[in-house]
Protein chains: 2
Amino acid sequence: MARATIFDVAELAGVSIKTVSRVVNREPNVRASTRERVEKAVAELSYRPDQSARNLASHRSHLIGLVYDDPAAYELPSAGYVISMQQGVLSACRSGLAELLIHPCNYRQKDVGAQLKSLIAETRPAGIIVAAPLSNMPKIVRAIEETGTPIVRISTGSKSGKQYSVATNDRDVCAEMTCYLASLGHKRIAFITGDPNHKAVAQRFTGYQDGLEQSGLKFSDRLVVAGDNSFGSGEACGEELLKRKNPPTAIFAANDDMAAGVVRVADRLGIEVPAQLSVAGFDDTALARQLYPSLTTIRQPLEEMAERAATMLLQGKCEDADADAKGTEIVPATIQIRESTGPAPG
Amino acid sequence: MARATIFDVAELAGVSIKTVSRVVNREPNVRASTRERVEKAVAELSYRPDQSARNLASHRSHLIGLVYDDPAAYELPSAGYVISMQQGVLSACRSGLAELLIHPCNYRQKDVGAQLKSLIAETRPAGIIVAAPLSNMPKIVRAIEETGTPIVRISTGSKSGKQYSVATNDRDVCAEMTCYLASLGHKRIAFITGDPNHKAVAQRFTGYQDGLEQSGLKFSDRLVVAGDNSFGSGEACGEELLKRKNPPTAIFAANDDMAAGVVRVADRLGIEVPAQLSVAGFDDTALARQLYPSLTTIRQPLEEMAERAATMLLQGKCEDADADAKGTEIVPATIQIRESTGPAPG
DNA sequence: CTGAAAATTGACAGCGCTGTCGTAATGCGA
DNA sequence: TCGCATTACGACAGCGCTGTCAATTTTCAG
């Protein structure tokens, strides 16, 4: 019961192996009747082309590489992100007869570029998906580009020019969240910014400003405090805001960890959420649901983004070096309304 | 700057391609001086063998399949586990010239078996690693075994007979933790059991009993309460234990979530941790570090286990159908002492 | 009908590597 | 030193497929 090869199929169908190859690869210029005969033989022998042989002969594989920051360095809140992206790519792969090769890598190492190149040399992937924050690092992107491998970047937040990439509308959705808070009657909506190096996080702040404007509220420096993405900074910023004589009635933090910090500090100060204070976050981490009260937040469509990226690659849309064809696809983020937000007091 | 092939290396090193092949594959019977020369040439040309060609010629791929429960179904606390295992397999792959193919799968679906078989048929992996809890499901294991693919099971907790598998010493390490608590002067050490269906969790309880005995403490039914692995059950069990007239001075929970529940309830009851009560958990989840006080717990060496499993596969140790050769490799778990445990009061 | 263009099919040479097996070099006891 | 067992190395035939290009058949305008 040895596995059938292309020769067996050819013989059974009474054609040459090349014709079988054409049928299997859905190439044109095969008479319908011939195609049928071959397909019947394929089915009869349950023939599956050997991937290794295909790859070797065609100089390309049906692998998709997913490159992301090595989460061991980040202490695993990022695990959820990574898993989501893997899921997304995998589901695109399933419908595209491809496989996923994961490649966590640590950009802090000197030789990441070389490592990537050697990975690509060995496996000759059909394309590479680079996730944020790596997708914004020239060192990484350039190494991949130099191999001539199609590349799609997943960058949460910013639209980038002449590359294939998929992004979210961080800015728009933050405006939307701000408008939502305003629509609940909040007049003093504070914002806690995050790590200024993180491009996407900066966009969120801009979105907040947009939202204020759209709601007819005026922006005030005093309502903005700077966090660093950590829970602790959320507590500190929350405390600062809430101890004022005229505290905000809503606080929008640039990520869930900081929002959780705010909730914690509100609890300590005896301020009820959401009755006296509304809190909103960003990311929709597991934490957001586990918290009490559960957190109103914004969900990044990581899985869909990854799926779109993989599909772009699989459809061969990214082989085109023509810069004009390049562009960014936007997958919208969505607001998750939960218990931590409510009507403004009074 | 076309990619270097084995011929280029052979020419530069002044040997035949076969010798290069031997060096690259770490085969024996190559003189040290020759090996060196070849390695130099490899480095100089940054030669990387083409996987497709290798696979085609050798009739086996250098892919390792990692099969685990689809975490989407579990709502992502499992993401950390999955990532750890991926890391482990990857690091074994790096030193073994192999690649990792991940395959999350949902055992609740009827056709998991068929899915697995077709994945294996297409990619012909060198071996499959099955992670818990899938590794304990005959449906899954049998489907893989029927393809003749070498399989290594990662089962946290239980030694299993005639299979290749890698496990941890749940029982021993729980005894150790219990002894540690006893050594701090605790006489009344309570235990909160978990989901009785979870084999590994049962072992933990046995280990606790061992530890008491080793420390010369007598086991008492009264100090054991049954949780269900959830935070809530930890709170409930903790409350029951702590409201007694002669409460335990240390509580060892079969997982971190329940331990966190105990910490929470202690806080509510005004009992100081660790001054008045020591709490220990199991799993070393992210929660354990984030909690205040941070939790003394037991870290499962998931990454090392996965690495061991991959190495077994890569070394071809698992091709042997000889049942006697099969066995379980134990990678010890380690105690992480943090802030939630301290000397017994008084 | 006829010739040329278009559509269809096949022969065959690799792709880059490993397995087999034969040959050359080396070690070693006497 | 010789003879023989080892050890080290190389020549070469594929692995199963795709790309190239030539051969064959079909189509169709004139």
Side-chain angles (χ1 to χ4, degrees), chain A residues 2-39 41-42 45-63 97 118 120-126 316, chain B residues 2-39 41-42 45-63 96-99 121-124 126 314 316 319:
Chain A
R3 183 196 172 98
T5 74
I6 199 170
F7 287 93
D8 303 324
V9 178
E11 193 177 350
L12 181 59
V15 298
S16 73
I17 58 165
K18 182 65 222 192
T19 299
V20 175
S21 170
R22 275 191 268 261
V23 171
V24 168
N25 293 297
R26 298 175 168 75
E27 284 172 31
N29 296 337
V30 179
R31 209 190 315 261
S33 61
T34 311
R35 184 179 298 278
E36 235 165 66
R37 215 146 26 96
V38 172
E39 273 164 357
V42 166
L45 298 172
S46 40
Y47 167 71
R48 307 279 317 184
D50 180 299
Q51 294 300 323
S52 298
R54 287 179 81 170
N55 299 347
L56 177 59
S58 66
H59 296 286
R60 63 208 155 86
S61 78
H62 295 188
L63 288 171
L97 294 169
S118 97
I120 293 172
E122 274 176 51
T123 62
R124 311 187 157 223
Chain B
R3 177 201 165 94
T5 73
I6 199 170
F7 288 92
D8 304 324
V9 178
E11 193 177 348
L12 181 58
V15 298
S16 74
I17 57 165
K18 182 64 222 192
T19 299
V20 175
S21 171
R22 275 191 268 261
V23 171
V24 168
N25 293 295
R26 299 171 168 75
E27 282 172 34
N29 296 339
V30 178
R31 209 191 315 259
S33 61
T34 311
R35 182 179 301 277
E36 235 166 65
R37 214 148 26 97
V38 171
E39 275 164 356
V42 165
L45 299 171
S46 34
Y47 166 71
R48 308 288 313 192
D50 181 297
Q51 295 300 325
S52 298
R54 272 173 31 120
N55 299 347
L56 178 58
S58 66
H59 295 285
R60 63 204 154 90
S61 81
H62 293 227
L63 287 171
L97 297 167
E99 301 297 339
E122 279 169 43
T123 62
R124 321 209 129 204
L314 256 18
E319 255 119 81

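Letters A, B, ... are given to chains in the order of the sequence lines, protein chains preceding strands, and every chain is numbered from 1.
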Figure out the [atom1]/[atom2] separation between [X] and [N], and round it to whole Å.
| X | N | atom1 | atom2 | answer |
| --- | --- | --- | --- | --- |
| B:R35 | D:dA8 | CZ | P | 9 Å |
| A:F7 | C:dA11 | CZ | C1' | 11 Å |
| A:L45 | D:dG16 | CG | P | 14 Å |
| B:R3 | C:dC15 | CZ | P | 13 Å |
| B:R31 | C:dT26 | CZ | C1' | 7 Å |

May I ask you to test the [X]-[Y] pair for a side-chain heavy-atom distance under 4.5 Å?
| X | Y | result |
| --- | --- | --- |
| A:N25 | A:R54 | yes |
| A:H59 | B:R3 | no |
| A:E39 | A:V23 | yes |
| A:V15 | A:T34 | yes |

Could you list the protein-to-nucleotides 18-21 of chain D atom pairs, N/O on both sides, closer than 3.5 Å?
{"from": "D:dT18", "atom 1": "OP1", "to": "A:N25", "atom 2": "OD1", "distance (Å)": "3.4"}
{"from": "D:dT18", "atom 1": "OP1", "to": "A:N25", "atom 2": "ND2", "distance (Å)": "2.8"}
{"from": "D:dT18", "atom 1": "OP1", "to": "A:R54", "atom 2": "NE", "distance (Å)": "3.4"}
{"from": "D:dT18", "atom 1": "OP2", "to": "A:S21", "atom 2": "OG", "distance (Å)": "2.6"}
{"from": "D:dG19", "atom 1": "N7", "to": "A:K18", "atom 2": "NZ", "distance (Å)": "2.8"}

Next on the checklist: Once you apply a heavy-atom cut-off of 4.0 Å, does A:N29 come out as touching a base, just sugar-phosphate, or nothing?
Outcome noted: base
Next on the checklist: Just to be sure I understand the rule, does B:T34 reach a base, reach only the sugar-phosphate, or reach nothing, if contact means heavy atoms closer than 4.0 Å?
Outcome noted: sugar-phosphate
Item to check | A:R124 backbone acceptor or donor facing A:S61 side chain under 3.5 Å | outcome: yes
Checklist entry - A:T19 side chain N/O closer than 4.0 Å to the phosphate oxygens (OP1, OP2) of C:dG10? => result yes
Checklist entry - Phosphate oxygens OP1/OP2 of D:dG16: is one of them under 4.0 Å from a side-chain N or O of A:T5? => result no
Item to check | Exercise: identify the closest heavy-atom pair between A:V24 and A:Y47 | outcome: CG2-CE2, 4.0 Å
Checklist entry - For DNA chain D, whose closest nucleotide is more 5', that of B:L56 or that of B:V15? => result B:V15
